[in-house]
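Since the structure comes first, as structure tokens, the remarks are kept for the end.
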Amino acid sequence: MNNVIFFLLLGLGIGSLYSMLGAGLVIVYRGSGVINFAQGAFAMYGVFTFDEAHRNGYIRLPWVDILPTSWLNIPVTIKLSDKGIPTLPAFAVAVAMAVLIGLAVHFFVFRPLRTAPPLGKVIGSLGVMLYLQGVAQLNFGGSGRQPGNILPDGVYKNFLGLGKAFPKGAVWAVVVALIIGVALHALFHLTRFGLATRAAAGNEKGAVLLGYSPQLLAALNWVIASVLATVAAIVVGPITGSLTPVGLSALVVASLGAALIGRLKSVMVAVWGGLALGAVQSLLGFWSSKDWFPTFLRSGVREVVPLVAICLVLFIRGKKLPIRGTVEERRLPLAPYPVRIKQHLIAWSIIVVSASFLFEGSGKRTVFALALTTSLVAAIIMLSMVVITGYVGQISLAQMSLAGAAAFIMARMMANGSTTTSNPFPVSGPGLPWPIAALIGVLAAIVVGVIVGLPAVRIRGVQLAVVTVAFAISLQSLYFENASLTGLSAGAPANVRSAHFFGIDLKSIGDKGLSDRPEFTIFVLVVLILCALLVANLRRNGTGRRFLAVRANERAAAAAGINVSRTKLLAFAISAGIAGIGGVVLGFKQNDVSSANFVYQASLAYLAFAYLGGITSINGAIVGGLLAPAGVIAVSSNYFFHGTNIDRYTTVFGGIGLIVTAVANPTGIAPSLQPLFQHFGRWLRKARSAEWLAAVRRLGPTAAIGAALGAGIWPLRVDSYSWFWMPLLGAVLAVFIRSSVMQSRAKRARPTARPVLAAAGQAPSAVEVK
Amino acid sequence: MALLRTIDLTVRYGGLAANADVNLEVNEGSLVGLIGPNGAGKTTFIDAITGFTSVSSGRVEFDGHDLAALSPDRRAHLGLSRTFQSLELFDDLTVRENLLVAAERPKWYSFALDLLRTGRTSKENIAQVDAALAVLGIEGISERLPSDLSHGQRKLVGVARALAARPKLLLLDEPAAGLDTAESQLLGGHLRGFVEGGTSVFLIDHDMGLVLNVCDYIYVLDFGEIIAHGTSAEIRKDPAVIAAYLGQSAGEAQARAGASLAANRDSAVPSTDALNGDSNG
Ligand SMILES: Nc1ncnc2c1ncn2[C@@H]1O[C@H](COP(=O)(O)OP(=O)(O)O)[C@@H](O)[C@H]1O
Ligand SMILES: [Mg+2]
């Protein structure tokens, strides 16, 4: 009993970190309706700023110098002293930085997003998280730091007579958390500012009546949340051990738990909730080391149990249909009716197949072959997001975990107790042939997908997004990282035997040990095409109509005879099936799978890139696949800009790209490419030699100027730009920019054209109501 | 036999009885109206019948079934189709697709066929949709998106969508709100057409002219209770109705326009001017 009490109390230390971050989440949610996935990243940037100033005397501003030149630089660093400044000034610097970040995030990201659909806001906050993570890794380094403890060191011997030594820091952490909680409670309940914020949460007009600008309130709330995160991390962070950018950003998950306990409404309840979460986690950690504890639950139970409890609470509170008068959330961009599918598929196939042969064994350019398969696999997984999020509007942040479930089950079904080079520990299993193993994997993903989808029956919008994150983490820690279930020892990957098809070997790795076999690329391409056809059929038939009806309006859908719950579950099943296919193919591509492929952050990143590509269309998934980490675009930028270390900035650019897309172009990239391709394709088919000449005459000068610029920039740059690629890139960019400008001018000239419906061949005609 | 019957239907929101012991019948082949001031509980009544709000006590019977345990979509399958007071069209679907959603009754395996084949829309459903479009005279806008349409057109699409399901009973929640006099007159004509086509109609509206003219039988709801019912001639003379409405301030322009329209068409109208409904948005 003493032990139980002791570990409960011990957990309050980290719990106080959850409470303060959770309180910040509540504040932001009330102020701007955003679930701020970047809350942990705020804390991270704050505590690193503090440590850097305290230890080394530098301020690192929250951006990076991307200019490759040595004579022109963006200032990033401010030097305060040679050997670090004392604690208090460093604390002040960190708080100032938090204020700056809070304001910047409000004005550059969430103010423009204030009328965006919930998904847009989720994407915006993911963008901020990625951006801050990327910047911190560049500015502070990705390795762990142990900031100085500003709370008293040492222990209370025999704390409360429990017979054990208890760290003083933990006690103080709880005291700080409670003081802050009470102060915030007072701020929101006793002051005009708090009243106005609460009024604004219900209705912006309320705040205006009280004489406050809703946007000013939102900005202030962002600042409070950011400062709170920073203070929490500086005060409590050190007691959790060494801090890394990624690890700290991940704190947001447990904090979301705290915020949800407070129903995203009450700061005080969130504070208590955070403390309770920490205590329960600590106790579960203690129990899981006991003999009586079920072995298969040992790993991950700490992470999972509290989250599951929260999901249950949300689920029981939720309603099957939204109640009347629920504020209609802004909807997602239109999901276009797929047209000219055959042409699209032929075009994509020609490009992919020729590229796969072109880059086979092509020296340095072989990287493209690998990037191509990476992109194709990513596109399959993103298609699953098009179904569940694009068509049915359910934000699922667990798609990679579903892919992982399929891949892991397949690997286990293939296992036959033999060992491989990458995994010297034998894994037992039935040793099934690949098609059966793959099928079982996909079916398993569907089952898991339906389970993940169950909460969606009663939970909507961002809350559902949070619940799916909880599921993703549960799968990760209960299954993928759980040696007693996977049979894998010491983090070794699970082996996947390669597929073969009527005598064709579908190995991904060729004789030279490079992943560049065109056979495999074409195999992945075929799988992608089949999945794309499934999704296209879906969209064009009754099931797709019902999906979109549910997305548009659940009440009206029910009135039209649609079983909303069943439709959502069906969508989760189909989407999980596609994700599972993606996971299986990923297994074949890598020849093994490990938990690192399917961490919950991977789902976030993939959703983000799918959104960037265009979450509501099939082409969007394909463009998203091209954009995916280690995909074609990332690899080619690396290749072309080799020497600038542009890959260091991938996360930063990814974050900025997400924010810009969410703010400026929520339909994603694919739809804006469409007219360009259409235009170009029509022209290619029709053009005769005279027109070719005319085109050369028209575009030639632009291309030449671009090429000259490219050639001219080359010597100014660092070493290894090729003489060939820079001018070519310059020419292509120049022509691209020119035609985009012409396009947008043409569009402005006839703003009423409606491309989608005009294409369907129906001239809109007015109807007389009289 | 009554198609729809409610027996002591009561819906409570907290302490407020939005519907109190409502007994109401709609016979097959009839057009029944429900009027009452804003907040009287009319929408709540439709919600209770169609399963969108839970019933505190009492029963709803439809076509011989007790609806108590049925979800909204099951009720729709039984032949209860409704429109919403606020426009609730599917914004991502064209007008035709909006209607198709309501017309189709998928089997459990439909999704598998949908995944594998294109163009699975059945001829029967297309005919159903075309018929609904034709009845309301909106074939011309069938390929457009709801966001492109005028308010009046959207109202018609909402009614057409409910009709496309070939319901036994059509429940209309203020279909004429926001329409001008001529538009609502046209709508009235359509409603009689539905009844002749075999669909019974239950109509809620503020437009007195519309309700008093087209309905075979009318119920009057006030503070959740039925205060009168009868044919339109009886309702016009009913002292309880007049008392309930005379107490209120003079009606808004729309209500008056509706009332005077009624007066023009039916000369024997004492005191319909006094009938007053708030128009709401
Ligand atoms: N979901 C709800 N929760 C609480 N009260 C409600 C709810 N829906 C309606 N009401 C109340 O019930 C009463 C009847 O409303 P309603 O049915 O919309 O009237 P009507 O359609 O006749 O204008 C009103 O006082 C309204 O405020
Ligand atoms: Mg109403």
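Per chain, numbering begins at 1; letters A, B, ... match sequence-line order.
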Legend entry - B/Val101 vs A/Ile562 side-chain heavy atoms within contact, under 4.5 Å: yes

Legend entry - Engaged part of B/Phe111 at the chain A interface, taking heavy atoms whose separation is under 4.5 Å: both

Legend entry - Rounded distance [0.5 Å steps], CZ in A/Arg546 versus CD in B/Glu104: 5.5 Å

Legend entry - When A/Thr543, A/Leu538, A/Val550 are compared by non-hydrogen pairs under 4.5 Å with chain B, the top option: A/Thr543

Inset, instruction - Count the heavy-atom pairs under 4.5 Å between each of A/Leu534, A/Leu570, A/Asn537 and chain B, then report the option with the highest count. - result: A/Asn537

Legend entry - Nearest non-hydrogen partners of B/Phe90 and A/Ala560, listed with the distance: CZ-CB, 4.4 Å

Legend entry - Exceeds 12 heavy-atom contacts within 6.0 angstrom, atom CZ of B/Arg192: yes

Legend entry - Top contributor to chain A contacts, counting heavy-atom pairs under 4.5 Å, from B/Ser110, B/Ser86, B/Pro106, B/Ala102: B/Pro106

Legend entry - Side chain A/Asn541, main chain B/Arg117, donor-acceptor under 3.5 Å: yes

Legend entry - Which portion of B/Leu187 sits near chain A, non-hydrogen atoms under 4.5 angstrom: neither

Legend entry - Atom group of B/Leu115 that falls short of 4.5 Å from chain A, counting heavy atoms: both

Legend entry - Side chain, backbone, both or neither of A/Ala557 within contact of chain B (heavy atoms, under 4.5 Å): both

Legend entry - Max heavy-atom pair count under 4.5 Å with chain A, selected residue of B/Leu78, B/Leu80, B/Leu116, B/Asn125: B/Leu116

Legend entry - Close side-chain approach of A/Tyr337 and B/Glu97, heavy atoms under 4.5 Å: yes

Legend entry - Which atom of A/Ala559 lies closest to which atom of B/Arg82, heavy atoms considered: CB-CG, 3.8 Å

Inset, instruction - Against chain B, label A/Arg566 side chain, backbone, both or neither, depending on which of its atoms sit under 4.5 Å from a heavy atom there. - result: neither

Legend entry - Positive for side-chain contact (heavy atoms from CB on, under 4.5 Å) with B/Asp92, one of A/Asn553, A/Thr616, A/Leu334: A/Leu334

Inset, instruction - Apply side chain to side chain contact (heavy atoms under 4.5 Å, CB included) to B/Asp73 and A/Val564, showing your working. - result: CA-CA 8 Å; B/Asp73 52 295; A/Val564 173; over 6 Å; no

Inset, instruction - Tell me, yes or no, whether the heavy-atom count around A/Phe315 atom CZ, taken from other residues, nucleotides or ligands under 6.0 Å, exceeds 12. - result: yes

Inset, instruction - Decide if atom CZ of B/Arg12 counts as having more than 12 heavy atoms of other residues, nucleotides or ligands within a radius under 6.0 Å. - result: no

Inset, instruction - Please name the pair of heavy atoms, one in B/Arg161 and one in A/Ala556, separated by the smallest distance, quoted to 0.1 Å. - result: NH2-CB, 3.7 Å

Inset, instruction - Could you tell me which non-hydrogen atom of B/Ala76 sits nearest to which non-hydrogen atom of A/Gly561, and how far apart they are? - result: CB-CA, 3.5 Å

Contacts table for residues 443-450 of chain A: side-chain donor-acceptor under 3.5 angstrom, sequence neighbours left out:
none

Inset, instruction - Tell me, with the steps shown, if A/Arg555 and B/Asp47 meet side chain to side chain contact (heavy atoms under 4.5 Å, CB included). - result: CA-CA 11 Å; A/Arg555 286 166 58 84; B/Asp47 280 352; 4.1 Å; yes

Inset, instruction - Apply side chain to side chain contact (heavy atoms under 4.5 Å, CB included) to the pair B/Thr121 and A/Arg545, showing each step before the final yes or no. - result: CA-CA 11 Å; B/Thr121 314; A/Arg545 285 193 285 270; 3.4 Å; yes

